[in-house]
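So that the names make sense, note that chain A is the first sequence line, chain B the second, and so on, each numbered from 1.
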Protein chains: 2
Amino acid sequence: MDPLIHSLLTEIRRGNLTLAVLSQLRSPQYGYSLVQLLKELGVVIEQSTLYPLLRRLEKQKLVTSFWDKSDKRPRKYYQLSGYGEEVFHQLRKEWMKNTKKLYGVLSEGEGEHEFD
Amino acid sequence: MDPLIHSLLTEIRRGNLTLAVLSQLRSPQYGYSLVQLLKELGVVIEQSTLYPLLRRLEKQKLVTSFWDKSDKRPRKYYQLSGYGEEVFHQLRKEWMKNTKKLYGVLSEGEGEHEFD
DNA sequence: TCCTAGTACTGTATGACGTACACTATTTAT
DNA sequence: ATAAATAGTGTACGTCATACAGTACTAGGA
């Protein structure tokens, strides 16, 4: 792939990954399971991208975490905080609005409407 | 607005603005007219954001430019290059695909489908 | 006639995040 | 015994939207 296209696609992922991750933390998930879960939903994310993101979300108090060591493998679970639910709701609302607009802009001059 | 939400929305705009601008350069446009045109389409962008972006796009050879000094006001027109059209087409395709997926993810657990 | 807003552009620095990379550790499968 | 999978921590870099400073001229209003 053209390196420039790859770079531009990375920019497009910024912010979008935050939304995708927050959307799957209404119920507790641990890091590795999020990678799998999101992959099933069509959102591919590397561990090297997810863990720093989870770290930032916790720092921003959008999620909380706890260790579950009852299994042979200790796992760190993350879940939306109250504040995180509010922020997620607003972000999701803005995302829907802005994406619909950009979709309209990008659909101009093309006969097809791929969301239909 | 919560500064964190503002910051996250800025991240979401990255990449998206590139697509919006490229989409309006199939025909030549000058900077200031792009601001107005995009505003009409619901994509609000400041001059302080647009001009550096146009500069970068030209540097990346996605657009070409020429001065029109026939009017009292000299204007710098920009237009998609051949390469830019290719890149735009691919980006737009990827954006549609990825956005549809994220839309599906964000619509889970909500009864409504706002794109319908 | 003067002043402000609008029109039109150039240049530069900053903050934030996806990403790559290095690293650690244990369990499971081959 | 070894490699892959599972599960996580930490750090540095490249990129771009944004803010800010600045320049310049025209048009409109007082």
[atom1] of [X] versus [atom2] of [N]: gap in Å, rounded?
X      : N       : atom1 : atom2 : result
L9(A)  : dC17(C) : CG    : C1'   : 16 Å
D68(A) : dT26(C) : CG    : P     : 18 Å
L37(A) : dA7(D)  : CG    : P     : 14 Å
Q29(A) : dT6(D)  : CD    : P     : 15 Å
L54(B) : dG11(C) : CG    : C1'   : 14 Å
E11(B) : dA16(C) : CD    : C1'   : 5 Å
R14(B) : dA19(D) : CZ    : P     : 14 Å
R75(B) : dT26(D) : CZ    : P     : 12 Å

Nearest to side-chain heavy atoms of [X], which nucleotide of [options]:
X      : options                  : result
W67(A) : dG8(D), dC20(D), dG6(C)  : dG8(D)
Y30(A) : dG18(C), dC21(C), dA7(D) : dA7(D)
R13(B) : dG6(C), dA20(C), dT18(D) : dT18(D)

**Asked** Does K72(B) put a side-chain nitrogen or oxygen below 4.0 Å from OP1 or OP2 of dT7(C)?
**Response**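 The answer is no; no side-chain N or O of K72(B) sits under 4.0 Å from OP1 or OP2.
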
Quick check: does any side chain N or O of T99(A) sit under 3.5 Å from a backbone N or O of W95(A), one acting as donor and the other as acceptor?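 Yes.
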
**Asked** Judged by atom type as modelled, is there a donor-acceptor pair below 3.5 Å linking the side chain of T18(B) to the main-chain atoms of R14(B)?
**Response**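 Checking the backbone N and O of R14(B) against the side chain of T18(B), no donor-acceptor pair under 3.5 Å is found.
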
Assign each of R73(A) and Q60(A) the nucleotide of DNA chain C bearing its closest heavy atom; nearer the 5' end lies the nucleotide of Q60(A)

Of R55(B) and R56(A), the one whose closest nucleotide on DNA chain C sits nearer the 5' end is R55(B)

Paired with Y77(B), the ring pair (Phe, Tyr, Trp, His ring centres under 6.0 Å) test is passed by just one of Y30(B), Y32(B), W67(B), namely Y30(B)

Applying a 4.0 Å non-hydrogen cut-off, can you work out what L8(B) is touching in the nucleic acid: base, sugar-phosphate, or nothing?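 The residue L8(B) makes sugar-phosphate contact but no base contact.
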
Side chains of Y103(A) and N98(A): donor-acceptor distance under 3.5 Å anywhere?
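No donor-acceptor contact under 3.5 Å links the two side chains.
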
Q.
Judged by each residue's nearest nucleotide on DNA chain D, which is more toward the 5′ side, P52(B) or G31(A)?
A.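 Mapping each residue to its closest nucleotide by heavy atoms, the 5'-most match is G31(A).
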
Salt bridge (Lys or Arg N to Asp or Glu O under 4.0 Å) with D71(A): which of K69(A), R73(A), R75(A)?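 Passing option: R75(A).
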
